[in-house]
Amino acid sequence: KEGYAIEGVPCFNVGYSSGGFSAIAVQRYTDMHRPDIQWTITSAGGAPFNINSVYKSNVTSPTSGYACSFPLVVVAYKETYHMDFEYSEVFAKPLSDNIQKWILSKDYGTWDINKLIAGGDEVKTKDCPIELILTPEARNPQSPVGQKLSAMFIRNSLCGEGQDWQPSKKTKFYIMHSTKDKYMDWHVGEEMANYLKSHGCDVTADF
């Protein structure tokens with residue numbers, strides 16, 4: 001858009017965590033809408049490439065190492081897309097009663113929110129029981145609210161179910177994620193790497 005002359009110049013597209021998601025999203029956008037832009041290497045890791053897969057991992061795990069992560073995602077989607085559900089359908093109390101104060105006010109940092117969800121318990125802050133975060137309905141992807149969440153997550157994922165994007169075979173990909181990551185399931189990195197490989201791309205995966 002800015003008109004930079006990049007033809008023939010090595011171009012690197014790099015990001016980690018939320019930036020890793022953005023890097024792959026940029027790759028997909030340029031592949032689909034700007035084939036004149038070619039990335040030499042796209043490197044990404046530690047990211048929720050398949051958001052629906054992350055959702056399923058969250059609801060099947062007894063604890064969360066980062067209690068506010070999934071609530072932040074759900075709130076972002078509900079507020080952005082005006083999704084048809086109440087916070088009380090998704091979040092356990094007292095989180096459901098404090099979305100405006102704890103999250104939307106921007107008065108608290110993520111670790112503050114973790115502690116609030118865990119009831120001020122430092123131990124639970126690091127391994128918060130899922131019952132303190134999500135309702136039984138939200139922990140069931142087949143429930144009415146679970147289906148609404150899954151449909152939105154699939155729509156916004158970069159790999160997995162419902163994706164038909166053909167990544168550029170001219171780009172070399174480096175996908176990494178630590179298997180010891182307590183905050184983001186590493187298997188979503190493997191899913192991203194496998195998606196790229198299945199579409200004939202040159203992929204180096206490091207897990």
Side-chain angles (χ1 to χ4, degrees), residues 14-24 43-80 85-141 143 145-146 149-150 152-153 156-160 175-193 205-207:
V14 180
Y16 190 80
S17 191
S18 60
F21 188 95
S22 296
I24 297 296
S43 176
F49 303 113
N50 185 338
I51 308 171
N52 196 49
S53 182
V54 174
Y55 170 45
K56 290 179 179 178
S57 293
N58 270 263
V59 300
T60 56
S61 174
T63 61
S64 172
Y66 198 44
C68 73
S69 60
F70 190 65
L72 289 172
V73 170
V74 172
V75 170
Y77 280 123
K78 177 169 171 55
E79 297 297 320
T80 300
F85 61 80
E86 300 297 325
Y87 284 125
S88 59
E89 297 178 66
V90 178
F91 301 126
K93 291 179 178 291
L95 173 59
S96 61
D97 295 333
N98 288 281
I99 297 298
Q100 182 63 47
K101 181 179 179 182
W102 294 357
I103 297 179
L104 292 174
S105 71
K106 308 296 184 183
D107 290 339
Y108 298 92
T110 54
W111 286 107
D112 297 321
I113 300 171
N114 288 343
K115 193 172 181 179
L116 289 165
I117 292 172
D121 190 315
E122 292 288 355
V123 175
K124 288 182 179 177
T125 299
K126 296 181 179 179
D127 289 292
C128 186
I130 200 70
E131 292 84 4
L132 296 181
I133 307 170
L134 300 174
T135 63
E137 291 76 16
R139 299 199 300 272
N140 176 11
S143 72
V145 73
L149 292 170
S150 282
M152 182 58 69
F153 296 151
N156 285 276
S157 291
L158 298 172
C159 63
I175 307 295
M176 87 294 282
H177 204 134
S178 170
T179 57
K180 297 180 180 180
D181 189 345
K182 291 184 64 177
Y183 307 128
M184 176 58 59
D185 295 296
W186 70 271
H187 67 79
V188 292
E190 186 176 49
E191 290 177 39
M192 188 74 250
D206 188 0
F207 304 112

**Student:** What's the separation between atom OG in S150 and atom CD1 in I51, rounded to the nearest 0.5 Å?
**Tutor:** 11.5 Å

**Student:** Just how far is it from atom CG of N156 to atom CG of N52, taken to the nearest 0.5 Å?
**Tutor:** 11.0 Å

**Student:** Could you pull out all residues at least two apart from Q100 that satisfy side chain to side chain contact (heavy atoms under 4.5 Å, CB included)?
**Tutor:** L104

**Student:** Is the shortest heavy-atom distance from the side chain of R139 to the side chain of E131 under 4.5 Å?
**Tutor:** yes

**Student:** Could you tell me whether the side chain of S64 and the main chain of I130 form a donor-acceptor pair under 3.5 Å?
**Tutor:** no

**Student:** Return the minimal non-hydrogen interatomic distance between V188 and F49, and the atom names on each side.
**Tutor:** O-CD1, 3.6 Å

**Student:** Considering only heavy atoms from C-beta outward, does the side chain of Y55 approach that of V59 to under 4.5 Å?
**Tutor:** yes

**Student:** Where the side chain of S88 meets the backbone of S96, is there a donor-acceptor pair that is under 3.5 Å apart?
**Tutor:** no

**Student:** Are the side chains of N98 and L116 in touch, meaning some heavy atoms are under 4.5 Å apart?
**Tutor:** no

**Student:** Looking only at non-hydrogen atoms, find the nearest pair between N50 and G160 and report the distance.
**Tutor:** ND2-CA, 3.6 Å

**Student:** Any side-chain heavy atom of K101 sitting closer than 4.5 Å to one from D107?
**Tutor:** no

**Student:** Can you check whether F85's main-chain N or O pairs, donor with acceptor, with K78's side chain at less than 3.5 Å?
**Tutor:** yes

**Student:** I'd like to check F91 versus L134 (side-chain heavy atoms, cut-off strictly below 4.5 Å). Are they in contact?
**Tutor:** yes

**Student:** What heavy-atom pair brings A44 and A23 nearest, and what distance separates the two atoms?
**Tutor:** CB-CB, 4.3 Å

**Student:** Between Y183 and S17, do the side chains contain an N or O donor and an N or O acceptor separated by less than 3.5 Å?
**Tutor:** no

**Student:** Is the backbone N or O of E137 less than 3.5 Å from a side-chain atom of S143, with the two atoms forming a donor-acceptor pair by type?
**Tutor:** yes

**Student:** Quick check: does any side chain N or O of T60 sit under 3.5 Å from a backbone N or O of K56, one acting as donor and the other as acceptor?
**Tutor:** yes

**Student:** Examine distances only and state if a side-chain atom of T80 and a backbone atom of Y77 form a donor-acceptor pair shorter than 3.5 Å.
**Tutor:** no

**Student:** How far does OG1 of T179 sit from CG of D185, to the nearest 0.5 angstrom?
**Tutor:** 12.0 Å

**Student:** How would you list, by chain and number, every residue that makes a side chain to side chain contact (heavy atoms under 4.5 Å, CB included) with K126, sequence neighbours excluded?
**Tutor:** none

**Student:** Applying side chain to side chain contact (heavy atoms under 4.5 Å, CB included), name anything that partners A67, two or more places apart in sequence or on another chain.
**Tutor:** N114, I117, C128, I133

**Student:** Quick one: are V75 and Y87 in side-chain contact, heavy atoms under 4.5 Å?
**Tutor:** yes

**Student:** Under the salt bridge (Lys or Arg N to Asp or Glu O under 4.0 Å) test, which residues partner K93, sequence neighbours left out?
**Tutor:** D97

**Student:** Any side-chain heavy-atom pair from M176 and Y16 closer than 4.5 angstrom?
**Tutor:** yes

**Student:** Could you pull out all residues at least two apart from E122 that satisfy salt bridge (Lys or Arg N to Asp or Glu O under 4.0 Å)?
**Tutor:** K115

**Student:** Using the test salt bridge (Lys or Arg N to Asp or Glu O under 4.0 Å), find all partners of D181 that sit at least two apart in sequence or belong to another chain.
**Tutor:** none

**Student:** Measuring only between side-chain heavy atoms, which start at C-beta, is W102 closer than 4.5 Å to P94?
**Tutor:** yes

**Student:** Search all heavy atoms of A118 against all heavy atoms of L132 and return the closest pair with its distance.
**Tutor:** CA-CD1, 4.3 Å

**Student:** Over all heavy atoms of both residues, which pair between H187 and S53 is shortest? Give the atoms and the distance, please.
**Tutor:** CE1-OG, 2.9 Å

**Student:** If you look at every heavy atom in T135 and E89, which pair is closest and at what distance?
**Tutor:** OG1-O, 2.6 Å

